Number of protein chains: 2
Amino acid sequence: MRKRPIPEATVARLPVYLRSLLALAEERRTLTVSSEELAGMAGVNAAKVRKDLSYLGSYGTRGVGYDVEYLLYQITRELGLTQDLHAAIVGVGNLGRALASFKGFAERGFRIAALFDVDETVIGTEVAGLTVRDLDELKEFAAEEPLAIGIIATPADGAQEVAERLIDAGVKSILTFASSVVKVPPDIVVRKVDLSIELQILSFYQQRREAISSAREANRVLEGELPGAAGLRTGAAEHAASFDERRAGTLHSDRR
Amino acid sequence: MRKRPIPEATVARLPVYLRSLLALAEERRTLTVSSEELAGMAGVNAAKVRKDLSYLGSYGTRGVGYDVEYLLYQITRELGLTQDLHAAIVGVGNLGRALASFKGFAERGFRIAALFDVDETVIGTEVAGLTVRDLDELKEFAAEEPLAIGIIATPADGAQEVAERLIDAGVKSILTFASSVVKVPPDIVVRKVDLSIELQILSFYQQRREAISSAREANRVLEGELPGAAGLRTGAAEHAASFDERRAGTLHSDRR
DNA sequence: CCGGGCTTGTGACTCTATTCACAAGCGACC
DNA sequence: GGTCGCTTGTGAATAGAGTCACAAGCCCGG
Ligand SMILES: NC(=O)c1ccc[n+]([C@@H]2O[C@H](COP(=O)([O-])OP(=O)(O)OC[C@H]3O[C@@H](n4cnc5c(N)ncnc54)[C@H](O)[C@@H]3O)[C@@H](O)[C@H]2O)c1
Ligand SMILES: NC(=O)c1ccc[n+]([C@@H]2O[C@H](COP(=O)([O-])OP(=O)(O)OC[C@H]3O[C@@H](n4cnc5c(N)ncnc54)[C@H](O)[C@@H]3O)[C@@H](O)[C@H]2O)c1
């Protein structure tokens with residue numbers, strides 16, 4: 001179990017633990033934290049926390065828990081957050097602007113170093129303290145100030161070309177918001193955030209739920225339990241259960 | 001294999017197929033599409049496409065492929081996209097504004113029906129043709145115009161409370177952008193989109209790559225292959241390989 | 001320095017997802 | 001009407017993730 005390969009699913013949860021630990025460190029109440037407690041904060045179960053952390057090494061103390069500061073450091077290191085990474089946003093529209101103005105990235109060690117667009121009317125304007133540059137200057141810019149991460153916030157059409165330009169400029173990690181599929185060589189990591197897909201997934205489960213509850217209702221009516229269609233409203237969020245959020249990134253480059 | 005349970009992973013890919021099929025339908029070149037071709041467009045492999053589609057039923061024709069229109073219809077239906085779903089955005093800041101102004105949702109069958117905030121200076125202003133309402137009016141509003149989906153775009157602090165309010169107003173599907181963990185009863189589906197986590201995941205693989213390549217470089221230097229540190233730049237995106245993007249949602253309600 | 005309580009770390013198991021590989025079935029052409 | 005090429009649909013094999021449950025190990029109090 002020791003050494004190398006940290007499962008993708010674990011990598012995707014490390015940032016969640018990190019955030020929980022930061023909260024603990026801030027309130028300075030506890031110097032250590034148990035897997036149970038961390039699990040509660042992160043919304044996962046304790047066994048998972050322990051297994052995840054065990055991939056990093058044996059950093060806990062039996063009978064006690066994990067030293068908050070030390071674990072914080074280890075996760076930070078493992079995620080490569082010890083140094084600020086520079087990112088460029090390409091496509092300064094609605095979304096690009098919101099991203100550029102977002103303060104939270106800096107806190108987490110990401111520095112938005114430049115904004116690029118192709119629209120003449122956008123180039124040269126100032127957004128969140130940065131001047132929007134012409135996409136043509138990307139390579140040149142990156143040569144001077146290496147960019148670790150490229151963020152694509154253009155419409156779907158442009159995305160593939162932008163990705164290629166980013167790669168050509170030396171960027172190896174890409175986050176895209178465009179709804180198109182972006183294809184890249186196997187040594188490049190792309191993550192895609194697609195809000196429409198998220199909504200569609202919600203729609204699927206919503207519909208499923210409706211199907212089930214209307215079936216149940218029909219049943220009850222048949223069985224004479226209900227007079228007609230009455231409220232099926234469920235109790236509010238008092239006894240809110242913990243809810244697992246997974247976001248598994250993928251590296252299988254799945255070529256063909 | 002037939003009937004009911006469509007795996008989560010499959011659900012998450014259906015929207016991708018849907019989009020590919022829409023593109024095909026639009027260009028009206030082909031009436032049918034093979035799993036191979038669809039796989040190419042969606043950036044996954046053909047076996048996966050076939051298995052995914054087989055969960056919906058046997059909609060293909062051996063030796064021929066899938067009828068584009070028919071498949072389109074089936075996926076649309078399965079995802080529950082035959083009717084427009086109404087969504088509300090809570091938190092009209094940088095991100096909320098960008099979301100509200102985004103045209104793409106409407107195209108995909110989602111209607112942003114209302115915007116809510118708590119900030120006096122924001123309430124009453126107009127954003128993307130909608131007047132921002134006071135969050136206190138949420139329940140009332142939802143009673144009149146049922147909301148299928150709630151989108152949380154507030155800072156992390158507010159998110160849990162907003163979620164509870166949404167649930168109280170009858171919303172069963174939630175998409176949150178806040179970096180906090182949102183806990184909900186098991187009958188509510190939450191999906192979380194966390195951009196900072198995405199960047200941190202990229203950071204992890206970036207760092208990993210650097211570790212590997214510098215190790216390799218060190219090796220080469222030892223073996224006398226390289227004079228010093230020279231360009232390790234990889235070829236551009238000519239022979240771009242297909243790249244699998246997974247986003248598995250989770251429904252295990254993982255309570256404790 | 002011993003025992004009890006507590007919490008980690010991890011093998012073993014289970015469940016889910018992916019991939020392989022091939023028989024079955026369709027259409028077209030002779 | 002037979003055969004050939006192509007493509008689906010799916011069992012079986014494999015890989016990956018999650019969960020269980022417990023021995024090992026630490027701390028503290030006596
Ligand atoms: N706005 C949202 O809330 C939202 C939600 C979901 C998805 N998205 C996705 O994010 C992307 C951007 O959305 P948006 O609303 O900001 O769009 P937008 O139209 O407001 O902005 C796009 C920007 O990209 C620029 N651009 C176009 N082609 C370019 C190219 N080849 N290189 C560089 N820049 C280019 C345009 O000039 C424009 O400034 C889209 O792919 C969209 O599907 C956005
Ligand atoms: N802007 C981005 O690009 C971006 C990127 C990543 C993550 N996020 C996340 O998205 C969320 C919103 O980000 P933002 O940049 O739009 O923030 P913001 O500060 O610009 O806007 C937040 C809005 O929410 C409102 N709000 C605060 N508490 C509220 C409550 N309890 N109920 C209703 N409304 C409330 C505020 O009045 C404000 O209008 C944050 O959680 C942030 O972490 C944003």
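Computed from a predicted structure; not experimentally measured. In what follows, chains carry the letters A, B, and so on, assigned in the order in which the sequence lines appear, proteins first and then strands, with residues in each chain numbered from 1.
At a cut-off of 3.5 angstrom, counting only N and O atoms as typed in the model, there is a donor on one side and an acceptor on the other between the side-chain of A:Lys51 and the base of D:dT19.
A:Tyr66 places none of its side-chain heavy atoms less than 4.5 Å from the side chain of A:Gln74.
What separates CG of A:Asp52 from C1' of D:dT19 is a distance of 12 Å, to the nearest Å. Put simply, CD1 on B:Ile6 is 15 Å from C1' on C:dT16, counting in whole angstrom units. As a whole-Å value, the separation of A:Glu37 CD from C:dT7 C1' is 13 Å. In this structure, A:Tyr55 atom OH and C:dG11 atom P are separated by 11 Å, rounded to whole Å.
Residues forming a salt bridge (Lys or Arg N to Asp or Glu O under 4.0 Å) with A:Glu161 (at least two apart in sequence, or on another chain): A:Arg165. The side-chain contact (heavy atoms from CB on, under 4.5 Å) search around B:Val162 returns B:Val90, B:Leu135, B:Ile152, B:Thr154, B:Leu166, not counting sequence neighbours. Partners of B:Ser179 under the side-chain contact (heavy atoms from CB on, under 4.5 Å) rule, at least two apart in sequence or in another chain, are A:Arg19, A:Arg108, B:Ala156, B:Asp194. With sequence neighbours left out, B:Glu210 forms a side-chain hydrogen bond (donor to acceptor under 3.5 Å, both in side chains) with B:Gln206. With sequence neighbours left out, B:Phe102 forms a ring pair (Phe, Tyr, Trp, His ring centres under 6.0 Å) with B:Phe105.
An OP1 or OP2 oxygen of D:dT19 is reached within less than 4.0 angstrom by a side-chain nitrogen or oxygen of A:Asn45. For the OP1/OP2 pair of D:dT19 and a distance below 4.0 Å, the side-chain nitrogens and oxygens of A:Lys48 include at least one atom meeting the criterion.
Nearest-nucleotide mapping onto DNA chain D: of A:Thr10 and B:Leu53, the residue sitting toward the 5' end is B:Leu53.
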query = Base, backbone or nothing for each nucleotide of nucleotides 3-8 of chain D, written B, S, -, heavy atoms under 4.0 angstrom, 5' to 3'?
reply = ---BBB
